[in-house]
2 protein chains.
Amino acid sequence: MPPSRRRVETRRRLHEAALAVFAAEGFGRASVEQVCERAGFTRGAFYSNFASLDELFLAMWADRSNTLLEDLRRALEAADTADLTTARDVVELVDAAVGVDDAWYRVTAEFTAHALRTPGLREVVAQREDAIAGTLTPVLVSFLRRVGREVADPRALALALVAVHDGTTVQCLVEPDDPAARRRRLDLFEAVVLAYTTPGGDA
Amino acid sequence: MPPSRRRVETRRRLHEAALAVFAAEGFGRASVEQVCERAGFTRGAFYSNFASLDELFLAMWADRSNTLLEDLRRALEAADTADLTTARDVVELVDAAVGVDDAWYRVTAEFTAHALRTPGLREVVAQREDAIAGTLTPVLVSFLRRVGREVADPRALALALVAVHDGTTVQCLVEPDDPAARRRRLDLFEAVVLAYTTPGGDA
DNA sequence: CGTATTCGATACATTGGTGTATCGAGAGTG
DNA sequence: CACTCTCGATACACCAATGTATCGAATACG
């Protein structure tokens with residue numbers, strides 16, 4: 001195996017292990033040792049690739065954020081929009097594409113809290129939020145127009161949906177076996193979409 | 001000072017210090033030593049009052065949660081409802097009464113994430129969520145009726161507002177000097193209230 | 001006034017994690 | 001085939017935190 005290729009693979013495995021460990025132990029309690037053990041390396045390998053645990057986390061988080069967002073965008077663009085007739089249909093389609101990732105939610109929530117008290121990190125989270133809204137906006141507008149709803153302020157709608165998503169995700173995870181939480185979440189999504197759009201367009 | 005009174009005071013000071021340290025260091029990185037130092041005690045005092053840091057945190061969090069919620073309830077019940085004429089007025093009144101506590105948000109968010117991966121703790125968060133909705137419901141219904149809106153499903157509305165509150169709080173804190181975030185939050189609150197109520201009642 | 005008790009301080013042993021310095025194997029290169 | 005360089009392993013010194021065991025002072029109590 002060529003040396004640089006090996007290095008890439010090592011970093012990848014460390015990323016993977018980091019996500020698992022941060023999810024299992026919590027943001028503040030994950031240690032370099034645990035990550036190395038899970039990845040099947042020693043600390044020597046770690047320090048040869050990253051300067052600190054923070055650096056590894058940041059790289060992993062940014063990387064995975066982008067991947068998830070890109071996957072979502074592709075999934076939505078490739079979605080079958082044939083039988084999309086109501087706002088509710090749009091909501092259910094998007095909700096299904098987003099999914100619920102327990103571990104990722106925890107890691108992101110803890111990182112966000114951490115970022116709020118760490119000057120240099122706040123912007124990282126802000127940019128992420130922005131990227132999500134920016135990615136979601138065009139496909140959302142297009143879907144809604146298709147079901148005959150015109151979006152007045154796309155950015156406001158996207159941010160509102162992100163907020164609702166985050167808020168209801170907690171509720172869904174806190175009561176994991178209550179189907180009502182799931183239904184309430186969809187209802188709320190739908191209500192927001194309807195409130196932020198007007199009938200019109202080519203429905 | 002009578003011995004039991006002294007003990008109560010010691011515990012109170014430890015609670016206070018715990019909140020500060022957990023907010024400053026993050027849930028996973030707070031240490032017994034830091035809490036003691038800030039409270040002006042040694043670890044001897046700590047272990048004489050609590051079995052572990054977890055125990056102290058839980059006591060502090062539950063205690064303060066109740067206090068905050070009770071304060072909110074009283075503030076709303078004592079609010080001047082004379083010039084309450086629109087749903088927007090209700091939203092602004094409640095929003096002002098709730099306020100935004102940066103440190104408390106971080107601590108609660110991190111604890112929630114922690115609770116999601118700790119079996120015995122999930123229910124604690126669930127009960128809290130429930131208590132908030134339960135406290136908010138009656139006063140909300142009464143306010144809205146006063147401005148001529150009838151609430152179809154009070155519990156659903158309360159939970160929706162909690163979700164929106166949590167989700168938009170992050171957005172407000174991430175962009176602390178963007179007044180637009182604040183406005184978007186109120187708009188979203190209003191939209192949800194309108195969507196979950198119907199005209200009618202004694203307006 | 002002396003005795004008992006409560007509560008917090010001190011000291012200690014132990015653990016777990018960090019980061020660095022050094023080493024060795026193995027793959028690319030001329 | 002030898003030479004070199006990359007990358008991960010090993011070993012070491014260090015620090016921060018934990019929990020317990022013991023001690024001393026202050027207060028209640030007979």
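Here the structure is a predicted model, which means the values were calculated and not measured. Letters A, B, ... mirror the listed sequences (proteins, then strands); counts begin at 1.
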Check: Whole-Å distance between C:dC7 C1' and B:Arg12 CZ?
Finding: 18 Å
Notebook entry, point to check: Over how many whole Å does the gap from B:Arg6 atom CZ to D:dA26 atom P extend?
Noted result: 10 Å
Check: If only side-chain N and O atoms of A:Ser48 are considered, is one of them under 4.0 Å from the OP1 or OP2 phosphate oxygen of D:dT6?
Finding: no
Checklist line | Salt bridge flag under 4.0 Å for residues A:Arg11 and A:Asp63 | finding: no
Notebook entry, point to check: Taking only side-chain nitrogens and oxygens of B:Arg7, does any of them come within less than 4.0 Å of OP1 or OP2 of C:dG8?
Noted result: yes
Check: What string of B, S and - do you get for nucleotides 11-17 of chain C, 5' to 3', when a contact is any protein heavy atom under 4.0 Å?
Finding: ------S
Notebook entry, point to check: Would you call A:Arg88-A:Glu92 a salt bridge at under 4.0 Å N-O?
Noted result: yes
Next item on the list: Return the value, rounded to whole Å, for the distance between atom CZ of A:Phe46 and atom P of C:dA21.
Entry: 17 Å
Check: Does the salt bridge (charged side-chain N to carboxylate O under 4.0 Å, His left out) test come out yes or no for A:Glu110 and B:Arg117, once each step is laid out?
Finding: CA-CA 12 Å; A:Glu110 291 186 310; B:Arg117 84 177 97 75; 2.9 Å; yes
Checklist line | Nearest-nucleotide pick for A:Tyr47, side chain only, options being C:dA9, D:dT18, C:dG19 | finding: C:dG19
Please set out all donor-acceptor pairs under 3.5 angstrom arising from side-chain atoms of residues 47-55 of chain B, sequence neighbours excluded.
unit_1	atom_1	unit_2	atom_2	d
B:Ser48	OG	B:Arg7	NH1	3.4
B:Asn49	ND2	B:Ala45	O	3.0
B:Ser52	OG	B:Glu55	N	3.2

Notebook entry, point to check: Using 4.0 Å as the upper bound for N to carboxylate O, is an ion pair formed by A:Arg74 and A:Asp71?
Noted result: yes
Item checked: Parallel, tilted or perpendicular: rings of A:Phe111 and A:Phe27 (30°, 60°) -> tilted
Next item on the list: In whole angstrom, give the distance that lies between atom CZ of B:Phe41 and atom P of C:dG8.
Entry: 6 Å
Note to self: Using a strict heavy-atom distance below 4.0 Å, which residues from residues 49-58 of chain A are in contact with DNA chain C?
What the structure shows: none
Notebook entry, point to check: Taking DNA chain C as the partner, which of residues 16-24 of chain A come within under 4.0 angstrom of it by heavy atom?
Noted result: none
Margin query: Please determine whether a side-chain nitrogen of the Lys or Arg among A:Asp89 and A:Arg146 lies less than 4.0 Å from a carboxylate oxygen of the Asp or Glu.
Written below: no
Next item on the list: Give the rounded distance in Å between these two atoms: CZ of A:Arg11 and C1' of D:dC7.
Entry: 13 Å
Margin query: Give me the atom names and distance for the closest heavy-atom approach of A:Ala87 to A:Val147.
Written below: N-CG2, 4.1 Å
Between side-chain atoms of residues 134-142 of chain B and protein atoms elsewhere (two or more places apart, or another chain), which donor-acceptor pairs fall under 3.5 Å?
unit_1	atom_1	unit_2	atom_2	d
B:Thr135	OG1	B:Ala131	O	2.8
B:Thr137	OG1	B:Ala133	O	2.6

Next item on the list: Go through B:Arg5 and B:Glu9 one step at a time and tell me if the salt bridge (charged side-chain N to carboxylate O under 4.0 Å, His left out) criterion holds.
Entry: CA-CA 6 Å; B:Arg5 186 119 204 94; B:Glu9 175 65 8; over 6 Å; no
Margin query: Applying salt bridge (Lys or Arg N to Asp or Glu O under 4.0 Å), can you list everything that pairs with B:Glu175, at least two apart in sequence or on another chain?
Written below: none
Check: Once you round it to whole Å, what is the distance between P of D:dA16 and CD of B:Glu37?
Finding: 12 Å
